[in-house]
Number of protein chains: 2
Amino acid sequence: MEQRIDRIKKQLHSQSYKLTPQREATVRVLLEHEDDHLSAEEVYMLVKEKYPEIGLATVYRTLELLTELKVVDKINFGDGVSRYDLRQEGADHFHHHLVCLECGAVDEIQEDLLGDVEKVVEKRWNFEIKDHRLTFHGICYRCRT
Amino acid sequence: MEQRIDRIKKQLHSQSYKLTPQREATVRVLLEHEDDHLSAEEVYMLVKEKYPEIGLATVYRTLELLTELKVVDKINFGDGVSRYDLRQEGADHFHHHLVCLECGAVDEIQEDLLGDVEKVVEKRWNFEIKDHRLTFHGICYRCRT
DNA sequence: ATTGTTATGATAATCATTATCATTTGACAG
DNA sequence: CTGTCAAATGATAATGATTATCATAACAAT
Ligand SMILES: [Zn+2]
Ligand SMILES: [Zn+2]
Ligand SMILES: [Zn+2]
Ligand SMILES: [Zn+2]
């Protein structure tokens with residue numbers, strides 16, 4: 001945890017940003033909820049517990065900054081809000097998601113399943129892939145009877 | 001075109017919805033811009049050209065209805081708006097997208113590249129796939145020097 | 001201490017989408 | 001034909017997420 005924050009701190013410094021207490025509190029919340037997919041409002045509520053004076057705008061700004069630095073990914077599952085998802089450290093690809101139509105759960109697939117597909121796309125469509133988003137919608141293992 | 005509208009009409013009727021002039025005008029716009037990825041506002045502007053009395057709310061309602069009927073798919077590329085994409089007729093899977101980070105172009109991949117991946121997900125994660133969303137972000141063939 | 005830059009918090013503004021409601025349309029019964 | 005009723009529409013208000021604004025605070029570097 002502390003080392004992870006330290007590395008994010010260094011990453012911020014390398015672009016001459018500071019790790020202010022507000023930003024650190026926000027990063028801690030994200031780390032503590034690594035498996036969730038929190039909206040800005042949800043992050044705000046959680047950060048307030050450890051840093052009650054923080055403003056909503058600061059949370060938005062911090063999330064935007066972390067997105068720029070590729071510490072988090074901003075994703076959208078079609079409900080009205082953006083959600084923020086911590087990247088696996090050092091992962092060169094963004095993980096995939098399983099959204100259950102029954103119970104709404106969002107599970108993650110960390111494995112890179114797209115290696116072969118990406119080769120095909122690069123070659124056949126002459127497209128230089130930088131990133132991807134892959135989400136499956138269906139029925140999760142819990143909801144299958 | 002006409003046959004296509006006729007089939008959509010039947011599909012509507014089968015759920016006891018009517019193909020009103022407003023709805024037909026909206027469907028025509030979608031058919032005429034099959035390769036684009038229009039926002040509700042953009043559809044509204046285009047429909048107004050042939051049906052100036054139409055209201056924005058009606059366009060939203062029609063797009064929602066067509067989404068329900070799976071005539072169109074609602075997608076989100078991360079700019080602030082939802083976009084509506086006509087499904088290939090009879091296609092059981094939703095096509096994929098190539099978003100260019102350079103010029104903003106959105107190209108389509110109609111082939112189903114995910115067959116093998118989906119088998120793996122169904123088996124290894126015990127997840128019953130109903131639909132998917134796959135988007136690649138990168139540099140398109142036009143922008144590669 | 002002075003200056004200048006960056007970050008913050010409160011709040012207003014924006015903008016896409018949804019809800020409301022009076023009116024219109026069109027199918028259908030008598 | 002009229003009258004009736006549910007569905008659909010259009011104008012507009014309301015909502016809700018996100019962004020912009022701006023005065024103030026933090027803080028590093030003279
Ligand atoms: Zn995730
Ligand atoms: Zn489930
Ligand atoms: Zn498309
Ligand atoms: Zn391009």
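The structure presented is a predicted model; accordingly, all values stated were derived computationally and were not measured.
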Here the distance between atom P of D:dA8 and atom CG of B:Leu66, to the nearest Å, is 13 Å
Taken to the nearest whole Å, CD1/B:Ile54 to P/D:dA11 is 10 Å
Once base and sugar-phosphate atoms are separated, protein heavy atoms under 4.0 Å mark nucleotides 13-24 of chain D, 5' to 3', with B, S and - as ----SBBBB---
- Task: Name the orientation class of the two ring planes belonging to A:His132 and A:His93 (parallel below 30°, tilted from 30 to 60°, perpendicular beyond 60°).
- Result: tilted
Whole-Å distance, A:Gln15 CD to C:dA7 C1', equals 17 Å
Practice prompt. Give a yes or no on this: more than 12 heavy atoms of other residues, nucleotides or ligands lie within 6.0 Å of atom CG of B:Asn126.
Written response: yes
For the residue pair B:His95 and B:His37, does the interplanar ring angle fall in the parallel (under 30°), tilted (30 to 60°) or perpendicular (over 60°) class?
perpendicular
| said: Taking only side-chain N and O atoms of B:Thr20, does any of them lie within less than 4.0 angstrom of OP1 or OP2 on D:dT9? | reply: yes
Whole-Å distance, B:Tyr51 OH to C:dT24 P, equals 14 Å
Atom NZ of A:Lys18 and atom P of D:dC27 are separated, to the nearest Å, by 8 Å
Note: for B:Tyr44 and B:Ser16 on DNA chain D, the residue whose nearest nucleotide lies more 5' is B:Ser16
In whole angstroms, the gap separating P of C:dT17 from CG of B:Leu38 amounts to 13 Å
Output for pair (B:Ile54 CD1, B:Arg23 CZ), nearest 0.5 Å, gives 10.5 Å
- Task: Indicate whether OP1 or OP2 belonging to D:dG10 is found under 4.0 Å from a side-chain N or O atom of B:Gln22.
- Result: yes
query: Any ion pair linking B:Glu2 and B:Arg28 (charged N to carboxylate O, less than 4.0 Å)?
result: yes
Rounded to whole Å, NE2 of B:His13 lies from P of D:dA8 at a distance of 10 Å
ask   = Are B:Glu102 and B:Arg142 within salt-bridge range, i.e. N to O under 4.0 Å?
value = no
B:Glu42 CD to C:dC15 C1', in whole Å, measures 15 Å
*Are A:Ile139 and A:Phe136 in one and the same hydrophobic cluster, where Ile, Leu, Val, Met, Phe, Trp and Tyr link if side-chain heavy atoms are under 4.5 Å apart?*
no
